[in-house]
Undergrad: 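Input: one structure, supplied below.
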There are 2 protein chains.
Amino acid sequence: MAKQADATAPRAPLSRERVLRAAITLADESGVETLTMRGLARTLGVEAMSLYNHAANKDDILAGMVDAVVSEINDAVAEIDVPATEWRTAMRRRILAARAILLRHPWAPGVIESRTTMSPTMLRYFDSLIGLFREAGFSTDLTHHAMHALGSRALGFTQELYDDSQELGPDETAALLQQLAGEYPNLTAMVSEITHDADTTLGWCDDQFEFEFALDLILDGLERLRDAA
Amino acid sequence: MAKQADATAPRAPLSRERVLRAAITLADESGVETLTMRGLARTLGVEAMSLYNHAANKDDILAGMVDAVVSEINDAVAEIDVPATEWRTAMRRRILAARAILLRHPWAPGVIESRTTMSPTMLRYFDSLIGLFREAGFSTDLTHHAMHALGSRALGFTQELYDDSQELGPDETAALLQQLAGEYPNLTAMVSEITHDADTTLGWCDDQFEFEFALDLILDGLERLRDAA
DNA sequence: ACCTGAACACCGTTCAAGT
DNA sequence: ACCTGAACACCGTTCAAGT
């Protein structure tokens with residue numbers, strides 16, 4: 001039935017590029033857990049087994065997807081020009097640029113963490129950060145520790161431990177807090193005090209602010225250690 | 001064939017407790033990716049479907065496993081007695097105790113991160129950390145930011161981005177570094193300098209040291225912010 | 001109340017067959 | 001060289017049947 005344009009307009013031939021692009025779009029829109037070989041093939045108008053002509057297996061596809069996203073990051077970082085003297089702002093800009101891109105690919109953090117080997121593009125990104133530290137006068141050792149301390153934050157993400165996406169209304173929030181006050185007194189006190197000052201729902205964490213807060217905390221500490229040496 | 005003790009010694013009856021314990025042992029030993037309902041049932045000498053009498057589904061089992069591990073952490077933390085005045089050492093001891101337990105359950109970090117809702121035991125643990133901050137004179141706001149800045153580190157883990165478990169010999173290391181020096185000059189320079197000073201393999205990162213380094217960096221920063229207020 | 005066997009609706013992947 | 005259909009070896013889970 002979907003065979004209008006067949007011989008005359010041969011549907012763009014499959015390629016690794018096209019497979020990966022489709023996989024990323026699909027994961028962006030409906031989550032990586034719904035990314036199946038059969039489903040991916042369907043969006044490409046092809047049978048599942050055809051994918052194996054352009055990727056070794058599903059793992060290879062996931063690797064390619066990560067690689068594409070990190071390439072995006074490398075491209076964005078390449079366009080940032082901050083005088084080499086201002087390492088702090090240069091570092092900040094790069095990491096926040098990475099974060100901005102990862103926010104558009106919510107599946108990426110999980111997939112990145114689940115992979116054991118680092119892709120060449122990832123190595124390239126980290127190499128650039130290391131270069132920035134070294135130029136800024138950080139010792140080799142301190143640079144090494146700095147990279148570990150940043151961890152996944154260097155790539156612009158931290159896996160949150162809880163999900164505050166299920167926003168509760170102010171009434172529900174108040175009721176829930178009251179109910180939990182006995183068991184978790186400190187937590188409920190903190191939440192109610194903060195939500196009282198800000199808006200009145202439970203969706204009370206500004207992820208961007210918290211990310212930058214922790215990032216600055218770490219960069220401050222590293223700078224201090226560098227200057228103390 | 002494995003039916004020696006049947007009627008007289010009725011194999012301890014199944015229970016949620018027993019299912020979870022078996023699941024944890026199995027995941028500890030062979031990884032969570034090999035934890036299947038059928039496999040878990042086999043180790044319990046039962047059919048897969050019997051498990052559904054004691055757990056709603058596999059997700060419920062994973063939730064129970066996390067809960068058991070965090071309970072272990074809560075128990076360990078409860079035994080730490082540090083004078084309330086020394087918040088730094090108290091915080092450090094708790095978090096490192098959590099880490100020690102998670103090291104025995106390598107699957108736990110991944111499962112914890114993949115869950116969206118926080119279990120009561122987890123809330124209890126975080127409640128205690130929040131209490132520690134508050135008693136130490138941290139404002140509500142700063143305490144909130146502190147918990148975010150610690151993130152999963154509060155529970156004793158950070159998901160590493162690469163796997164240095166595949167240790168290379170010194171010759172292989174040297175060869176690999178030489179080969180990669182062109183593409184990743186800063187990275188290879190750092191690695192070769194550090195491995196030269198320490199042992200000569202590529203398994204060159206002391207995870208415990210790096211964990212404590214980053215933890216202290218964050219705690220230092222937080223203390224400074226508290227005192228600046 | 002608890003356990004079981006067969007079955008269902010999915011996976012990723014192999015293989016021989018098509019063009 | 002690329003695509004396909006049928007099949008295989010797995011999943012988690014449902015359901016009717018056993019005791």
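The chains referred to below are lettered A, B, ... by the order of the sequence lines, with proteins before strands, and numbering in each begins at 1. These numbers come from a predicted model, not from an experiment.
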Undergrad: Between B:Ser50 and C:dC2, is there a contact of a side-chain N or O with OP1 or OP2 at under 4.0 Å?
TA: no
Undergrad: How would you list, by chain and number, every residue that makes a ring pair (Phe, Tyr, Trp, His ring centres under 6.0 Å) with A:His54, sequence neighbours excluded?
TA: none
Undergrad: Can you list everything that forms a side-chain contact (heavy atoms from CB on, under 4.5 Å) with B:Arg42? Sequence neighbours excluded, please.
TA: none
Undergrad: Under the ring pair (Phe, Tyr, Trp, His ring centres under 6.0 Å) test, which residues partner B:Phe213, sequence neighbours left out?
TA: A:His145
Undergrad: Roughly, in whole Å, what's the span from CG in B:Leu14 to P in C:dC2?
TA: 10 Å
Undergrad: Could you summarise the pairing of DNA chain D as dot-bracket text, marking Watson-Crick and G-U pairs under 3.5 Å with ( ) or [ ] inside the strand and | across strands?
TA: ||.|||||...|||||.||
Undergrad: In the 5'-to-3' direction, what one-character label does each nucleotide of nucleotides 8-19 of chain C receive under the scheme B = base within less than 4.0 Å of a protein heavy atom, S = sugar-phosphate only, - = no such atom?
TA: ---BBBB-----
Undergrad: Between A:Asp60 and A:Arg16, is the closest basic N to carboxylate O distance under 4.0 Å?
TA: yes
Undergrad: Find out whether the Lys NZ or Arg CZ of A:Arg124 is both under 6.0 angstrom from the six-membered ring centre of B:Tyr184 and within 45° of the ring's axis.
TA: no
Undergrad: A:Asp67 and A:Ser119: side-chain hydrogen bond (donor to acceptor under 3.5 Å, both in side chains), yes or no, with the steps?
TA: CA-CA 7 Å; A:Asp67 214 67; A:Ser119 74; 3.1 Å; yes
Undergrad: For A:Leu161 versus B:Ser152, what's the shortest heavy-atom pair and its separation?
TA: CD1-CA, 3.7 Å
Undergrad: To the nearest Å, how far apart are B:Glu47 CD and C:dG5 C1'?
TA: 8 Å
Undergrad: Using the side chain to side chain donor-acceptor pair (under 3.5 Å) rule, collect all pairs that involve residues 90-107 of chain B, keeping only residues at least two apart or in two chains.
TA: B:Asp28-B:His105, B:Asp28-B:Trp107, B:Glu72-B:Arg104, B:Glu72-B:His105, B:Arg92-B:Glu212, B:Arg92-B:Asp216, B:Arg94-B:Ser128, B:Arg99-B:Gln208
